[in-house]
Amino acid sequence: MDEKYFPKKVEQKWQQKWADSGAFECEAEGCDDRPKFYQLEMLPYPSGNLHMGHVRNYSAGDAMAWYKRLKGFNVMHPIGWDSFGQPAEDAAVKRGVNPREWTEANIDVMRGQLQRLGISYDWRRQMYAHRPEYYKFDQWFFLKMYEKGLAYKRLTQVNWCSHDQATLSNEQASGGLCWRCGNPVTKKDLEQWFFKTTAYTDQLLDDMAEIESGWPANVLKRQSDWIGRSEGAFVDFEVKTSGDTLFYCDLDGGTAESGTVRVFTTRIDTIYGANAVVLAAEHPVIQANIDHFSEDVASKIAFIRAENTKPTDHEVEIEKDGIDTGLRAINPFSGEELPVWVGNYVMMEYGTGAVMSVPAHDERDFEFAKKFELPIRQVISEPHMEHAHHTMQAMALEVPLTAYGVLVHSDYWNGKTSENAKQEMAAYAVKHGFGEAATTYRLRDWGVSRQRFWGSPIPIIYCDTCGVVPEKFENLPVRLPETAPFSGTGESPLAKVPEFVNTICPTCEGPAKRETDTMDTFVDSSWYYFRYTDATNEVLPFDPEIAAYWTPVDQYIGGDDHAVMHLIYARFWTKMMRDLGLVTFNEPFKRLLTQGMVVGETFFDDATGKKIYHMPGDVTVTRDGKGKITGAVGKDGGALKYGIERMSKSKGNGVDPDEMVEIYGADAARLFIMFAAPIENELVWNEAGIEGGVRFLQRVWRQVYKWRTAIGEAERTPLVNGEGVTPASRKLRQKTHQTIKRVTDSFEALQFNTPVAALMELSNAVGDIGVDPTNATESDLFAVREALTSLVLMLTPFAPHTAEELYAVIIDNEDGIVANGACFPEYSEGLAKADEIEIPVQINGKLRSRILAAPDTADEELQRMAFADAKTREFTDGKEVVKVIVVPNRLINIVVKG
RNA sequence: GCCGAGGUGGCGAAAUGGUAUACGCACUAGUCUUAGGAACUAGCGUCGAAAGACAUGCGAGUUCGAGUCUCGCCCUCGGCACCA
């Protein structure tokens with residue numbers, strides 16, 4: 001053993017040993033009775049380099065994997081590559097490189113980085129999204145879904161990012177900005193393939209109950225908001241002109257011969273307060289009658305439609321706008337004739353694209369009515385105001401009353417509660433044929449077509465004779481050609497590769513053309529974690545029997561930014577696979593941990609509307625007393641804006657993990673990133689702190705070095721109570737066992753910062769023992785040996801290389817922890833218990849003194865001791881003791897008066 | 001605007017309703033050393049000579065006792081954004 005800690009040497013040695021022995025390779029078959037544990041982290045996109053966010057994610061995952069391994073689980077801990085996607089294609093467009101070569105090279109770099117970090121992966125299980133062996137099964141699933149009617153094609157307006165030249169899903173275009181480049185999204189008409197996620201909406205929502213205990217509440221909340229189930233009713237309003245001709249409107253297949261407009265409402269109980277029916281500008285009724293409208297109306301509709309295709313700027317609230325079309329609708333409950341408006345606040349994509357406007361009880365309708373001076377009629381009353389409302393028309397509402405209440409001015413329904421009225425009125429509508437109870441969702445089907453080269457080809461063939469024909473299973477994979485002309489324009493580059501496009505129809509064997517769009521890359525990440533279980537299967541995505549052993553995933557760890565998209569798709573995919581008979585459960589991830597971002601300071605100039613980042617080295621920064629930035633000036637002397645943003649190379653605030661490993665070692669970097677903050681917090685990277693990590697490892701190293709010989713020769717069985725047990729050794733053993741308990745509890749609670757602190761305390765306690773190897777008694781040596789062995793073993797999840805080396809030294813056996821099958825230490829409740837507890841004495845709730853007592857001392861005895869304490873007496877003498885509260889083993893509070 | 005999370009030393013942070021500030025960083029003084037950006041020792045919330053007082057965003061409340069529970073504000077961060 002070297003006297004000094006040389007991280008690089010230790011890390012290389014153990015990485016080699018692990019690789020040689022296949023230390024982290026796991027099997028489902030033939031293994032013992034150990035329980036399985038599937039530890040999964042979100043797979044990286046191979047962009048070229050790891051960033052500190054990856055280091056945080058994979059360090060946490062590895063800590064968990066090691067902990068479970070040492071706890072006797074058969075652990076599977078895999079990694080793979082989300083290697084299809086835009087950056088590879090961008091590189092091809094901009095720099096003429098081959099996306100495949102670019103991707104493979106990046107993977108090599110990043111794999112090397114992960115190996116230098118020493119993450120304990122079973123490397124044999126790697127999956128690569130861009131390799132035919134993997135994407136073959138993206139296509140396999142596509143065909144299976146096509147068979148089941150879960151994959152279909154339709155003409156649609158897609159979100160289009162003109163910067164990335166790509167189609168985006170609604171999720172990816174959330175907020176009107178491209179999720180990848182942040183540029184505004186526009187609309188474009190295209191034929192697109194969809195997966196029918198909506199076939200599973202209720203399950204996606206209801207099965208959350210199964211994972212409620214293992215997932216962060218905010219993630220579930222965001223998913224259910226995203227799915228957006230809302231229960232209400234459809235109500236059909238008959239529509240006519242201001243004259244008496246009914247307009248014909250072809251809705252939902254067009255069997256309706258009468259002109260009706262179906263609205264969706266969650267508040268059918270407010271229908272007597274409707275003052276108008278408001279339609280989206282894109283509504284079919286508007287479309288059907290577009291030629292009949294006056295010029296004013298037509299131009300307003302055209303204007304609103306044009307506005308709707310513009311990207312939304314969420315900073316600015318859009319002003320309500322609309323116009324009375326001249327059409328009239330009949331309220332089926334009251335028979336009242338209402339104007340039909342077009343309103344810019346009604347969205348065609350949600351519900352039916354039509355609403356009944358009830359200004360008294362809806363904020364948007366209220367605002368709309370105020371602006372256009374439409375009547376506002378209150379039909380819901382607070383229960384205690386009911387009587388008053390029966391006798392007067394309440395026109396003077398200052399704010400809409402959106403809460404439930406009691407119906408007023410609603411004929412037959414007066415006096416009913418909102419809850420009852422909702423049910424009864426929906427039933428009434430059914431009975432009279434003008435409506436029904438209904439549930440609508442915000443979630444829509446998943447558009448998977450991308451006009452891209454670097455993705456999995458959609459296995460569909462277009463034949464002039466047979467139409468749309470799926471490729472045969474035996475012809476999979478539909479291989480991507482080596483390369484394609486990358487123009488960076490909207491059409492898929494595959495369309496310009498004749499040998500790809502031109503093919504033979506699987507049905508009639510006549511000439512046919514292939515679909516040239518590729519699949520969204522979220523397809524790959526929806527099922528990769530099943531592929532790990534059986535990574536080389538050539539026939540099926542995976543063998544259901546093998547997957548049945550490993551899945552569901554026991555612990556998933558990844559960025560909180562995937563809370564909605566990836567995690568909903570993966571859940572959808574699992575349910576789809578269940579229905580294909582591949583798996584038997586509903587939910588793929590039993591427990592989910594979302595880590596916070598690693599962020600750093602950025603400096604930029606956004607005068608041009610786009611942020612131009614400056615490297616921190618080129619920026620002169622001024623700070624206040626608290627270290628907060630007060631100003632920043634660039635190289636050219638111009639003032640810069642500053643912020644704290646997610647670390648990345650392009651923003652100039654990235655820290656290179658390789659550099660960290662080179663300077664401090666992988667173990668120190670990993671230990672520190674776990675210690676610095678709770679895993680779910682955002683972490684502002686601070687370089688200075690990592691030295692504390694190294695110092696700690698050095699300290700432990702020196703302690704083992706110092707004691708190695710003495711404890712190697714020490715007695716291995718503890719001295720029994722009393723005889724020869726020194727107080728120092730007793731105290732150290734106590735600390736050791738308390739620490740084991742703390743660390744174990746922390747891991748079970750998925751806390752990674754507090755156990756590191758506990759280990760530091762234990763190391764400090766070893767340093768404080770007060771004896772050295774020359775004068776230590778047998779009892780001391782036993783305690784030190786136990787403390788150091790436990791410390792080193794518990795350090796393994798954070799600093800595995802150092803732990804292996806130190807453990808090998810302690811047990812004097814070169815094989816170390818894994819090879820010897822060492823286990824996580826177990827604590828003894830009895831040893832963890834203190835001999836003597838310091839019990840605070842409070843007088844009127846204020847701390848005044850402390851007394852020492854044996855654990856579990858009787859209340860009366862503790863009271864007696866407290867009153868015997870001189871310091872306590874100072875505060876109690878001459879005063880009336882009103883009450884004494886004794887909390888066993890914790891505290892005494894004496895309440896006095898006067 | 002709505003929903004959610006959170007405000008504790010100079011900083012990252014810790015605390016089953018029971019000794020607030022563990023652990024680390026930074027800082028200060030000292031020891032050792034040719035040297036120290038190493039190691040070790042001591043100190044480190046504020047005020048105060050001390051006793052002690054005051055301190056967990058602000059204000060109330062419950063309790064013998066509140067960082068923790070309740071109510072009302074303020075601020076920060078995140079999500080959603082006309083979802084009928």
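Convention: sequence-line order gives letters A, B, ...; per-chain numbering from 1.
Shown here, B:rC77 forms a base pair with B:rG4; the pair counts as Watson-Crick or G-U wobble because both key distances fall under 3.5 Å. Nucleotide B:rU28 is matched to B:rA42 when pairs are restricted to Watson-Crick or G-U wobble geometry with both distances under 3.5 angstrom. Using the Watson-Crick or G-U wobble rule with both distances under 3.5 Å, B:rU19 pairs with nothing in any strand shown. Here B:rC58 sits opposite B:rG72 as a Watson-Crick or G-U wobble pair (both hydrogen-bonding atom distances under 3.5 Å). Under the Watson-Crick or G-U wobble criterion, with both distances below 3.5 Å, B:rA35 is left unpaired in every strand shown.
A donor atom on one side chain and an acceptor atom on the other are found under 3.5 Å apart for A:Q703 and A:S763. Side-chain atoms of A:D202 and A:Y441 include a donor-acceptor pair closer than 3.5 Å.
Not one side-chain nitrogen or oxygen of A:N764 sits closer than 4.0 Å to the OP1 or OP2 atom of B:rA22. Taking 4.0 angstrom as the limit, A:K221 places none of its side-chain polar atoms (N or O) nearer than this to OP1 or OP2 of B:rG4. At B:rG24, one or more side-chain N or O atoms of A:R699 fall inside 4.0 Å of OP1 or OP2 (strictly under the cut-off). For the pair A:T266 and B:rC83, the criterion of a side-chain N or O lying under 4.0 Å from OP1 or OP2 is not met. Of the side-chain N and O atoms in A:R702, one or more sit less than 4.0 angstrom from OP1 or OP2 of B:rC40.
Distances were taken from every side-chain heavy atom of A:K871 (C-beta onward) to each of B:rC64, B:rA39, B:rA51; the shortest belongs to B:rA51. The side chain of A:R848 approaches B:rA53 more closely than any other nucleotide in the set B:rA53, B:rA84, B:rC3. Here the side chain of A:K320 is nearest to one of B:rG24, B:rC82, B:rA20, namely B:rC82. Distance from the side chain of A:N753 is smallest for B:rA14 among the nucleotides B:rA84, B:rG18, B:rA14. Proximity note for A:R695 (side chain, C-beta onward) versus B:rG24, B:rU19, B:rA26: the nearest is B:rA26. Here B:rG79 is the nucleotide among B:rG79, B:rC3, B:rA13 with the atom lying nearest to any side-chain atom of A:R222. Considering only the side chain of A:Q698, B:rA39 comes nearest among B:rA39, B:rC23, B:rA84. Listed nucleotides: B:rC82, B:rA13, B:rA39. Nearest to the side chain of A:M347: B:rC82. Looking at the side chain of A:R850, the nearest of the listed nucleotides B:rC23, B:rU19, B:rC82 is B:rU19. Taking every side-chain heavy atom of A:R890 into account, B:rU16 is the closest of B:rC64, B:rC40, B:rU16.
Using a 4.0 Å cut-off between a side-chain N of Lys or Arg and a carboxylate O of Asp or Glu, A:R742 and A:E761 qualify as a salt bridge. The existence of a salt bridge linking A:D869 and A:R848 is excluded, since no basic side-chain nitrogen approaches an acidic carboxylate oxygen closer than 4.0 Å.
Across B:rG72 and B:rU62, the matching C1' atoms stand 15 Å from one another, rounded to whole Å. B:rC3 and B:rU8 have their C1' atoms separated by 26 Å, given to the nearest Å. Comparing B:rG6 with B:rU68, their P atoms are spaced 13 Å from each other, to the whole Å. Distance check on atom C1': B:rC40 versus B:rU33 gives 12 Å, rounded to whole Å. Between B:rC27 and B:rC44, the two C1' atoms lie 8 Å apart (nearest whole Å). Here the separation of B:rC47 from B:rA38, taken at their C1' atoms, is 38 Å to the nearest Å. Taking the C1' atoms as reference points, B:rG7 lies 11 Å from B:rC58, given to the whole Å.
Looking at heavy-atom distances under 4.0 Å, A:V887 makes contact with a base. The residue A:N893 sits close to a base: some heavy atom pair falls under 4.0 Å.
One interatomic measurement links the two molecules: CG of A:N681 to P of B:rG4, which rounds to 20 Å at whole-angstrom precision.
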Check your understanding: Are A:Y345 and A:F372 close enough, and set up right, to give a ring-ring contact (aromatic ring centres under 6.0 Å, His included), and what steps lead you there?
Key -> CA-CA 14 Å; A:Y345 71 104; A:F372 293 104; 9.6 Å; no
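The aromatic ring centres of A:F696 and A:F672 sit 6.0 Å or more apart.
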